[in-house]
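Note that ligands are numbered from 1 as they come in the structure, with each ligand's atoms numbered from 1 the same way.
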Amino acid sequence: MRKINVFDTTLRDGEQSAGVNLNFQEKLEIAKQLERLGVDIIEAGFPASSQGDFASVQAIAQTIKGSSITGLSRSLERDIETTWQALKDSAEPRIHVFIATSPIHMEYKLKMTPDQVIENAVAAVKLAKKTFPQVQWSAEDASRTELPFLAKIIREVIDAGATVINLPDTVGYTTPYEIGQMFRYVSENVPNIDRAILSTHNHDDLGMAVANSLAAIQNGAGQVECTVNGIGERAGNASLEEIAVALNIRQDHYKADTGLVLKEIKRTSSLVSKLTGMVVPNNKAVVGANAFAHESGIHQDGVLKNKETYEIITPELVGVSSNRMVLGKHSGRHAFKEKLIELGFNGTDEQLQKTFVAFKDLADKKKDITEDDLFALMTEATVGASVTHYELETLQVNYGTTNIPTATITMKLPTGETVQEAATGSGSVEAIYNTLERVIDEEILLMDYRIQSTTAGRDSLAEVYVTVKYDGTESSGRGTAHDVLEASAKAYINAVNRTINRKQFNEQQRTNPLNV
Ligand code: KIV
Ligand code: ZN
């Protein structure tokens, strides 16, 4: 069985998805979960792109020791030095340096000749190799690069010290057959290829990212780059969970495996979905809500007689069975704490207490508390707690089919003062948002609003995701509550709080820059 290294780029390419803006705490939380999942390499960000990225890559590098941490870098001296400063404390410092190699990118984007590109790539790898033991080099737009040129530049960068060669399908253009040919060509025509691991990185513009990744693996790739839930630029990247499970279920065919802790897949997917606000479609392979639901009578009958008639993946394999009743109204603090630790809780006593109070409150309203409920409460109390400037104290909504919806809200302001406001709207949510806008006393535009339930059943927790434009920037926010209106208010306040946090962080970096 060949071991395929998993290179997760959720925090870099995934974070480039439109509308996604993870904060420092959220990135760290995702990195910890990726470590638990057992990914070999976490691409934590692009340190030279912003002070925020630098700080989160550095914190992840200092915290995570079970996975190798890497950061993206252009082929520039300044980028390479900044990336080193961010990563030098990691367990195995690794840089990911790239330059485009396709004719269209070289001519129009880089305005460089092929020889200049080779010269630049070699110089960048040599410089990186002075500090980094592991240097990954990527040929951006490799799938549209002329193969003889690709072979030539790869040979040169391996001689310069690159240990991993990544061949991305940057624009999601290639097909499984073609990518297989590219990997085979490189394996057969680069004389020093045995000194490097080949890596594949695919985008999903034509819906073939996972198929292309698997074809590359069959043709020599020893590393696969992917994101949780397939999030990423445009149509996204190849989805980690689909590749990992395909390799596991079809070991007979691929004769390769990732070594991931597959039962952590569902939780990783839920965390990324919650923190990015990118909802997983119900029919998404492996992690969608319907992935294990048998709807037709014939299928149900078959599964009852023998599961394997229609079920090729067991829900337990990817941790879906965890969604069972785990605690109830009478569960005590001790059992609660044990369960939370089992779910990966590593917050403070204060956060534990906050989650316990929220749990008791929910248990009064909901009969069965599942792991998904606890996970939602825990995320809210830990990662959610990292952003509090405005705090909702009370919310009252007056709605009737024949009267004008009115909301009354009491809020704690960043100054510590408590204020009360009321406003009307054409619906309850609008009334709430109009009231909040009054309290915050600035124009806030609602760009997107989505709602979903945490579990099945009419007593489920509600999760609301919003995108707002506030103070000149777009920011996403989420809120979880037993009531949809309260969740709506919390999501809106969360988006505003996140904007303020980001502004404060940028201001702090401007006046007291990191020494990079
Ligand atoms: O898609 C791509 O080409 C990339 C590179 C920077 C590796 O993300
Ligand atoms: Zn990419």
Polar proximity ligand 1 side, D141 side, N/O cut 3.5 Å exclusive:
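No; every N/O pair is 3.5 Å or more apart.
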So, regarding S138 and ligand 1 (criterion: nitrogen or oxygen to nitrogen or oxygen, under 3.5 Å), is there a contact or not?
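In fact, backbone or side chain, S138 has no N or O that close.
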Any idea which atoms of ligand 1 are less than 4.0 Å away from a heavy-atom of [X]?
X: H201; value: 1 (O), 2 (C), 4 (C), 8 (O)
X: T170; value: 1 (O), 2 (C), 3 (O)
X: D13; value: 8 (O)

What distance do [X] atom [atom1] and [Y] atom [atom2] have between them, rounded to the nearest 0.5 Å?
X: R144; Y: M182; atom1: CZ; atom2: CE; answer: 12.5 Å
X: L150; Y: I165; atom1: CG; atom2: CD1; answer: 9.0 Å
X: E371; Y: T455; atom1: CD; atom2: OG1; answer: 12.5 Å
X: I60; Y: I42; atom1: CD1; atom2: CD1; answer: 7.0 Å

From atom 1 (O) of ligand 1, work out which of H203, H96, E140, E43 has a heavy atom at the shortest distance.
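Among H203, H96, E140, E43, the closest heavy atom to atom 1 (O) of ligand 1 belongs to H203.
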Starting from the Zn ion (ligand 2), look over the N/O/S atoms of D13 and name the nearest one.
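It is OD2 of D13.
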Can you tell me which N/O/S atom of H203 has the shortest distance to the Zn ion (ligand 2)?
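Output for this pair reads NE2.
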Shortest protein contact, atom 6 (C) of ligand 1 (heavy atom only)
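Minimum-distance protein heavy atom for atom 6 (C) of ligand 1 reads R12 NH2, 3.8 Å.
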Taking the six-membered ring for Trp, are the ring centroids of F7 and H96 within less than 6.0 Å of each other?
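Yes, they do, as the ring centres are separated by less than 6.0 Å.
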Would you say the ring centers of F132 and W84 fall short of 6.0 Å from each other?
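Yes: the rings meet the under 6.0 Å criterion.
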Between T170 and E140, do the side chains contain an N or O donor and an N or O acceptor separated by less than 3.5 Å?
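Result is no, nothing qualifies.
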Hey, is E233 one of the residues with a heavy atom under 4.0 angstrom from ligand 1?
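No, that is not the case, since the closest heavy atom of the residue is not under 4.0 Å from the ligand.
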Please determine whether E225 has a backbone or side-chain N, O or S atom lying under 2.8 Å from the Zn ion (ligand 2).
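Given the 2.8 Å cut-off, E225 does not count as a ligand of the Zn ion (ligand 2).
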Just wondering, do E43 and L72 contact through their side chains at under 4.5 Å, heavy atoms?
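Of all side-chain heavy-atom pairs linking E43 with L72, at least one is under 4.5 Å.
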